[in-house]
Amino acid sequence: MDIVLSGIRSTGNLHLGNYYGALRNFTRMQHENKCFFFIADYHSMTTHPDPKQLHGNVKNVLTEYLAAGIDPELSTIYVQSDVPEVCELYLLLNMHAYMGELAKTVSFKEKARKQPENVNAGLLTYPTLMAADILIHNADKVPVGKDQEQHLEMTRKFARRFNNLYGLEYFKEPVAYNFGQELIKIPGLDGSGKMGKSEGNCIYLGEDPKSIEKKVKRALTDEGPKEFNSEKPDYIENLFTILKVVSAEEVVKHYEELWNKCEIRYGDLKKQLAEDIIKVTSPIRERILDIQGDDAYLHKVTSEGAEKARESASKTVREVREIMGITKF
Ligand code: TRP
């Protein structure tokens, strides 16, 4: 069984693109692997979030992942700051992480440009903290997007360096995991290729049905096709792409035929699309509302998760200390 570790940023709400892009695969993966999911709240502190909002952000993310199907019976779910062993490994790994390589990281250079008034050491050593997250459980696979590949590459470099330096094969070199062929990209409702938070074109998993209907109704369309079997413009193709994901095959076929005969009525298509999106999101939304109000459950999940995570983490830290020569009197 592979060890899979997934780090989740504690910002933003989950949307349909996240769900089909990765989250649904996460939930399936839990059965075949030993999975760790954690919320990277320390990482978020590099940008100095408002202390009054930090806990709420963590709670949001935790709630939505649980609601979407991350199962604490199958996986280990924890909050990064509940596992202090991560900090110790981070400190030790930092002794072998060099200024030059850290300063060259793309994400660091970007952040330094964006917040020149706050280029802190946490930003510089972000990759070391991420390496500590991963190596502390000796993960085999790490599901990450393109933007995190360099960080993973650095994790492998740190692992290799440690092994070479101390003359043993202690850390594994983790690989990026992108679920093979199964990745589905959900386009935006505004004609753009991708549904994304920064694009402002999202349908959120926790969104109420009225608001979903409104958004779908507002999606970009035109006067309709003029010729039989004509090619669809991007913004129409996008609506069909989402329809293919959320609706039954016959439904898609029905609208394809109407399109081909120039008989399509966008009002009907949108009504159907909204209805089927709501069918997917409603159960998740209901669970979000349930879990949100259940502080006892969230406490139980995070404390049991932290306990399990600390078991594996403290073993690693104990061994690393020993390898590095830190011995007790
Ligand atoms: N840096 C990741 C992101 O921004 C979050 C993260 C932190 C992470 N630690 C990790 C992801 C460990 C995977 C493994 O999305």
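Just follow the structure's listing: the first ligand is 1, and inside any ligand the first atom is 1. Note that the numbering runs from 1 along the sequence shown for the chain.
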query: Which of these passes side chain to side chain contact (heavy atoms under 4.5 Å, CB included) with Ile278: Ile212, Ile203, Val246?
result: Ile212
field: Salt-bridge criterion met for Lys271 and Asp268 (N-O under 4.0 Å)
entry: no
- prompt: Between His43 and Tyr126, how do the two ring planes meet: parallel, tilted or perpendicular, split at 30° and 60°?
  reply: tilted
- prompt: Any idea how Phe38 and Tyr78 line up, ring-wise: parallel (<30°), tilted (30 to 60°), or perpendicular (>60°)?
  reply: parallel
field: Pairs flagged by ring-ring contact (aromatic ring centres under 6.0 Å, His included) wherever residues 297-329 is involved - sequence neighbours left out
entry: none
message: Taking non-hydrogen atoms within less than 4.0 Å of ligand 1, which protein residues qualify?
response: Leu5, Gly7, Arg9, Phe38, Ala40, His43, Tyr126, Met130, Asp133, Ile134, Val142, Gln148
- prompt: Hey, what's the ring geometry for Phe36 with His137, parallel, tilted or perpendicular (30° and 60° as the breaks)?
  reply: parallel
